[in-house]
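Right, one structure below, let's go through it.
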Amino acid sequence: MTREQVRIESVWLENRRGVDGLGIGEPRPRLSWIASAVADAWELEFRRDDGEVRAVRLPAARTRLVDWPFDELTSRAGGELRVRAADGVGSWSAPLRIEAGLLDRADWSVPFVSPSPAAPAGTLRPGYLLRATWDPADLGITLGRVRRARIYSSTHGVSELEVNGRPVSDDVLSPGWTSYRHRLRTQTYDVTEAIVEGPNAVGAWLADGWYRGRIGFDGGLWDVYGTDVALLLQLELTLDDHSVVRVPLEDAWSWHPSPITEVGLYEGERYDARLLPEGWSTPGFDDRDWASPTVLPLEDFPARLEAPTGPPVRVIEALRPVTVESIGGGRIRLDFGQNISGRLRINVRGPAGHEVRLHHAEVLENGALGVRPLRAAVSIDAYVCAGSGLETWTPRFTIHGFRYAELEHWPGDLDSVDVEALVVHTDMPRTGWFESSHAGLNRLHENVVWSMRDNFVDLPTDCPQRDERLGWTGDIQVFAPTALRLYAAHGTLTGWLRDLAAEQAEQGHVPNFVPWLECGFPNFPTAAWGDAAVIVPWELYQHDGDTRVLEEQYESMTAWVDLVDRLAGGTGLWNSGFQLGDWLDPAAPPDNPGQSHTDKHLVATAYHVRTARIMAETAALLGRRGDEERYRGIADRALAAFRSEYLSASGRVVSDTPTSVALAIVFDLFASPEQERRAGERLIELVAENDFRISTGFVGTPIICDALARVGGIDAAYHLLLQDEMPSWLYQVGMGATTIWERWDSMLPDGTVNPGDMTSFNHYALGAIAGFMHRVVAGLDTAAPGGAALRIAPRPGGGLTHASASHDGPLGLASSGRRHRRSRPGRTRCRRRRGRGWSPGRCRSARPPRSR
């Protein structure tokens with residue numbers, strides 16, 4: 001091994017890939033890194049802010065989630081970390097800044113300040129401006145002594161911060177949506193470079209957001225978490241002697257209405273540029289006519305103050321329209337070619353007072369924007385020109401799901417239209433890719449990717465467009481394995497699980513969506529949805545090999561399984577209560593999406609078996625032997641109840657639907673291989689009898705192809721996957737879909753929208769099929785938690801001449817591909833890049849893999 005051979009390609013903390021280490025909430029963050037090759041040992045160096053350098057040498061056994069080897073961090077403490085291969089065979093990694101935020105509630109010594117402690121419900125509220133000024137000289141210090149300046153902040157509502165006229169970050173919709181009664185995220189911003197000698201100003205834009213704006217369906221709810229919109233902001237300076245000075249801003253704040261005259265997440269934003277106080281966040285601004293905000297003591301709000309576990313929401317990319325056309329009536333229509341979550345950015349010239357309105361929709365229907373599926377989410381933004389020449393504007397505090405937009409009252413001809421669509425979602429690194437010889441499959445995979453992007457706006461939601469956008473537990477339960485293949489979603493899901501546990505403890509069961517809103521939906525324990533409490537942590541463990549999420553969620557996991565055991569009367573048969581079952585079975589009528597052909601209690605009992613088994617495995621992993629035995633007993637009772645109630649001796653499954661049979665196959669519910677074989681034959685028959693069209697809903701669809709492949713029906717699985725007649729995945733592609741639909745027939749063949757009240761063109765749940773495409777079509781799967789071993793086993797079929805998948809996992813990039821040639825049919829290839837080439841024992845396939 002030659003010198004400089006080993007390069008450190010990336011270093012990260014915990015499971016937060018692609019996220020910097022500023023403002024973390026852990027005093028002992030675990031470390032992970034990926035190197036270009038293996039090494040005998042590793043050197044870690046931590047250069048603390050006080051100048052002290054600590055170095056350690058670690059054996060090469062692990063590069064993933066390595067325990068923090070230095071002194072525990074305290075609030076505000078930090079430094080720079082570097083990693084390299086030991087013994088001079090590698091170069092240092094780029095330094096990673098690691099700095100703790102405020103780790104204890106006692107570190108916060110400021111109150112909330114509110115420009116609006118309360119406001120009438122039922123009508124849109126405006127946005128607000130807050131500002132405060134200060135001078136280092138008033139604190140007895142000079143700018144030259146300031147080594148670091150930090151803003152620690154949070155908001156009841158959503159906010160964007162400025163210092164001396166400049167934004168402090170590119171975060172949007174900060175601090176995001178949590179179960180605010182229980183947890184409130186805090187942000188840490190480095191504003192060192194923004195501080196100047198003499199007077200300084202801090203400014204904040206504020207709006208209702210999820211905290212007190214209207215959210216939810218059936219009319220929605222106002223003021224869900226509180227009546228106030230308020231800012232919590234603590235500004236601190238670290239001096240050259242390492243002392244910390246808190247800038248006293250408590251009495252310095254003033255507020256004024258912003259140019260945002262009304263705003264709602266669903267409704268849109270109206271902005272009057274004539275009302276912007278120029279220079280409002282700069283030191284010299286005259287704020288004598290501004291009002292003093294209301295002070296709200298921090299102790300009046302008991303929610304935990306926590307650092308984020310995942311990356312923030314940001315503008316990820318900008319799309320130009322693929323077509324721009326005048327449609328009459330004073331409107332110009334834009335087609336961006338892709339259904340997104342986001343908003344528009346316009347560059348416009350107009351006279352003072354001229355208002356441009358921006359309309360949004362996912363689809364066109366009968367030559368007009370298809371707005372009926374939006375329900376009460378009117379999704380109209382408006383901009384009133386200042387008349388100052390070329391003006392650039394994008395909404396701050398709203399978000400829309402759309403592909404099409406229409407400009408109403410645009411002050412110019414088509415050639416003057418200068419508009420972009422800004423894609424907005426959580427800034428997660430992409431980790432999974434798929435490509436094949438089938439253009440339709442490739443588009444389907446991209447549709448899944450886009451639906452995930454559009455529905456990971458701070459938390460995993462069902463849809464980004466209508467008056468809902470909620471964290472439905474059932475959707476992420478079935479989609480989590482696919483999500484973790486496509487993106488580094490670990491931090492987002494970890495935070496969401498904390499909210500799930502908090503809501504579960506309060507409600508006595510897992511709500512059907514998290515955070516929970518009492519907006520008219522039945523609030524009862526529900527199989528497949530509530531089971532997310534167990535399955536999502538388990539899938540995170542399977543992907544990362546990290547037991548910490550199991551430890552942190554253990555109480556939540558056990559509470560769910562114990563509750564279902566009680567609801568089943570200790571018999572294991574869960575045959576009572578409200579159930580969603582195989583939701584959105586394509587045979588269900590538009591106005592009754594829960595009317596599935598599959599017995600709902602069969603679904604409930606099958607899931608009870610699965611989650612009880614997972615609990616037993618979790619208890620074993622964590623060394624809780626008593627719990628392991630108890631949950632194996634619960635699983636055995638549930639399994640016996642399922643077999644007694646829903647299986648015949650020959651293996652026939654009650655309901656006799658593809659979903660019921662697939663559940664029994666994939667969840668290992670049969671008493672013998674012979675029963676499973678017969679059930680497999682029946683499953684293939686059922687799928688064929690329906691002409692290989694989809695006949696499954698939210699529960700059956702994510703597993704149907706896996707069930708077919710498992711019982712020897714790989715050809716049937718391909719036939720189902722490649723079907724292009726309604727209902728099917730490729731029917732949507734053929735109809736021009738760029739995301740995954742909620743209903744198989746969200747758009748009917750004649751181009752009209754499904755008449756049901758619940759129709760979305762951007763739902764990721766049915767896109768769980770992308771996992772099958774990775775694991776079976778391309779043959780890239782894991783054989784051990786955390787990807788410690790791979791299973792490479794492509795299953796050729798469907799007439800595909802090639803298929804490949806890659807996954808940038810916890811241990812590096814793994815790839816698998818197959819190419820069918822007449823002279824060499826079925827050739828498979830695989831690669832694990834942890835070091836270069838293939839490592840024996842880490843990659844298993846039917847024949848020796850070939851590196852590439």
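Because only heavy atoms are used, hydrogens play no part in the values below, and waters and symmetry mates are left out as well, while side chains stay in. Not measured: the values here are computed from a predicted model.
- Summarising the local packing, CD of Glu193 is surrounded by 12 or fewer heavy atoms from other residues, nucleotides or ligands at distances under 6.0 Å.
- With respect to the salt-bridge test (charged N to carboxylate O, under 4.0 angstrom), the residues Arg47 and Glu80 do not qualify.
- Here the side chain of Thr192 pairs a donor or acceptor atom with the backbone of Ala149 at under 3.5 angstrom.
- The aromatic rings of Trp210 and Trp177 sit parallel, their planes meeting at an angle under 30°, below the 60° perpendicular limit.
- Remark: Trp393 engages Tyr271, Tyr383 in a ring-ring contact (aromatic ring centres under 6.0 Å, His included) (not counting sequence neighbours).
- Here the side chains of Leu358 and Phe402 are not in contact, with every heavy-atom distance at 4.5 Å or above.
- With contacts defined as side-chain heavy-atom distances shorter than 4.5 Å, the pair Leu298/Leu305 qualifies.
- At distances below 3.5 Å, not a single donor-acceptor pair connects side-chain atoms of Ser258 with backbone N or O atoms of Leu129.
- Asp458 and Thr426 share no side-chain donor-acceptor pair at under 3.5 Å.
- Separating the CG atom in Leu493 from the CG atom in Leu500 is a distance of 11.0 Å, to the nearest 0.5 Å.
- Looking only at side-chain heavy atoms (C-beta outward), Glu160 and Val172 come within less than 4.5 Å of each other.
- Counting only heavy atoms from C-beta outward, the side chains of Val110 and Arg246 approach each other to under 4.5 Å.
- Between the side chain of His256 and the backbone N or O of Arg131, no donor-acceptor pair lies under 3.5 Å.
- Counting only distance, with no hydrogens or angles, the side chain of Glu362 and the backbone of Gln465 share no donor-acceptor pair below 3.5 Å.
- A salt bridge links Asp499 and Arg183; the closest N-O separation between the charged side-chain nitrogens and carboxylate oxygens is under 4.0 Å.
- Put simply, the side chain of Thr309 gets close to the backbone of Gly495: a donor and an acceptor are under 3.5 Å apart.
- To the nearest 0.5 Å, the span separating CG on Leu13 from CZ on Arg28 amounts to 13.5 Å.
- The closest donor-acceptor contact from the side chain of Ser154 to the backbone of Arg185 lies under 3.5 Å.
- For Ser75 and Asp107, the side-chain atoms include at least one donor-acceptor pair closer than 3.5 Å.
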Evaluation steps, side-chain contact (heavy atoms from CB on, under 4.5 Å), between Leu237 and Arg150 | CA-CA 7 Å; Leu237 310 175; Arg150 299 289 186 263; over 6 Å; no
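- Without hydrogens or angle criteria, Asn455 side chain to Cys463 main chain gives a donor-acceptor distance under 3.5 Å.
- Screening Phe301, Tyr180, Tyr225 for a ring-ring contact (aromatic ring centres under 6.0 Å, His included) involving His156 leaves a single residue, Phe301.
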Could you walk me through whether Tyr266 and Arg469 pass the side-chain contact (heavy atoms from CB on, under 4.5 Å) test, one step at a time?
-> CA-CA 9 Å; Tyr266 297 164; Arg469 314 182 193 183; 3.7 Å; yes
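- Asn200 places a side-chain N or O within 3.5 Å of a backbone atom of Gly198 that can act as its donor or acceptor partner.
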Stepwise side-chain contact (heavy atoms from CB on, under 4.5 Å) test for Val19 and Trp12 = CA-CA 7 Å; Val19 182; Trp12 67 94; over 6 Å; no
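- Among the candidates Trp255, Phe285, Trp253, the single residue satisfying the ring-ring contact (aromatic ring centres under 6.0 Å, His included) test with Trp290 is Phe285.
- With contacts defined as side-chain heavy-atom distances shorter than 4.5 Å, the pair Thr155/Ser174 does not qualify.
- Among residues at least two apart or in separate chains, salt bridge (charged side-chain N to carboxylate O under 4.0 Å, His left out) pairs with a member in residues 257-271 are Arg214-Glu267, Arg270-Glu355.
- Partners of Phe513 according to the ring-ring contact (aromatic ring centres under 6.0 Å, His included) rule, which considers only residues two or more places apart in sequence or in another chain, are Trp472, Trp516.
- Residues Ser341 and Asp454 share a closest heavy-atom pair of N-OD1, 3.2 Å.
- In this structure, Arg498 CZ and Thr178 OG1 are separated by 11.5 Å, a value rounded to the nearest 0.5 Å.
- Between the side chains of Asp171 and Tyr189, at least one donor-acceptor pair of N or O atoms lies under 3.5 Å.
- Judged by a 6.0 Å distance limit and a 45° cone about the ring axis, Arg453 is positioned over the six-membered ring of Trp450.
- Between Asp49 and Arg97 there is a salt bridge, with a side-chain nitrogen of the basic residue lying less than 4.0 Å from a carboxylate oxygen of the acidic one.
- For the atom pair NE2 of His400 and CG of Leu422, the computed distance is 11.0 Å after rounding to the nearest 0.5 Å.
- Taking the side chain as every heavy atom from C-beta outward, Leu161 and Ser281 never approach each other to under 4.5 Å.
- Ion pair Arg343/Asp381 not flagged as a salt bridge, since none of the NZ, NE, NH1 or NH2 atoms sits closer than 4.0 Å to an Asp/Glu carboxylate oxygen.
- For Glu518 (side chain) and Leu221 (main-chain N/O), no donor-acceptor pair under 3.5 Å exists by modelled atom type.
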Walk me through it: do Glu162 and Trp280 pass the test side-chain contact (heavy atoms from CB on, under 4.5 Å)?
-> CA-CA 10 Å; Glu162 298 183 8; Trp280 70 274; 3.7 Å; yes
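- Among residues two or more places apart in sequence or in another chain, the salt bridge (Lys or Arg N to Asp or Glu O under 4.0 Å) test is passed with Glu503 by Arg181.
- By the 4.5 Å heavy-atom criterion applied to side chains, Trp496 and Val514 are counted as neighbours.
- The shortest distance between side-chain heavy atoms of Ser169 and Gln187 does not fall below 4.5 Å.
- The structure places OG1 of Thr494 at 6.0 Å from CG of Asn15, a figure rounded to the nearest 0.5 Å.
- For Trp222, the ring-ring contact (aromatic ring centres under 6.0 Å, His included) criterion is met by no residue, not counting sequence neighbours.
- Within the 3.5 Å criterion, the main-chain N or O of Ala118 finds no donor-acceptor partner in the side chain of Asp228.
- With respect to the salt-bridge test (charged N to carboxylate O, under 4.0 angstrom), the residues Arg16 and Glu14 do not qualify.
- Every residue meeting the side-chain hydrogen bond (donor to acceptor under 3.5 Å, both in side chains) condition with Arg304, not counting sequence neighbours, appears here in chain and number order: Glu306.
- Rounding to the nearest 0.5 angstrom, the gap separating the CD1 atom in Ile332 from the CG atom in Leu334 is 7.5 Å.
- Arg349 and Asp418 are not joined by a salt bridge, as no carboxylate oxygen comes within less than 4.0 angstrom of a charged side-chain nitrogen.
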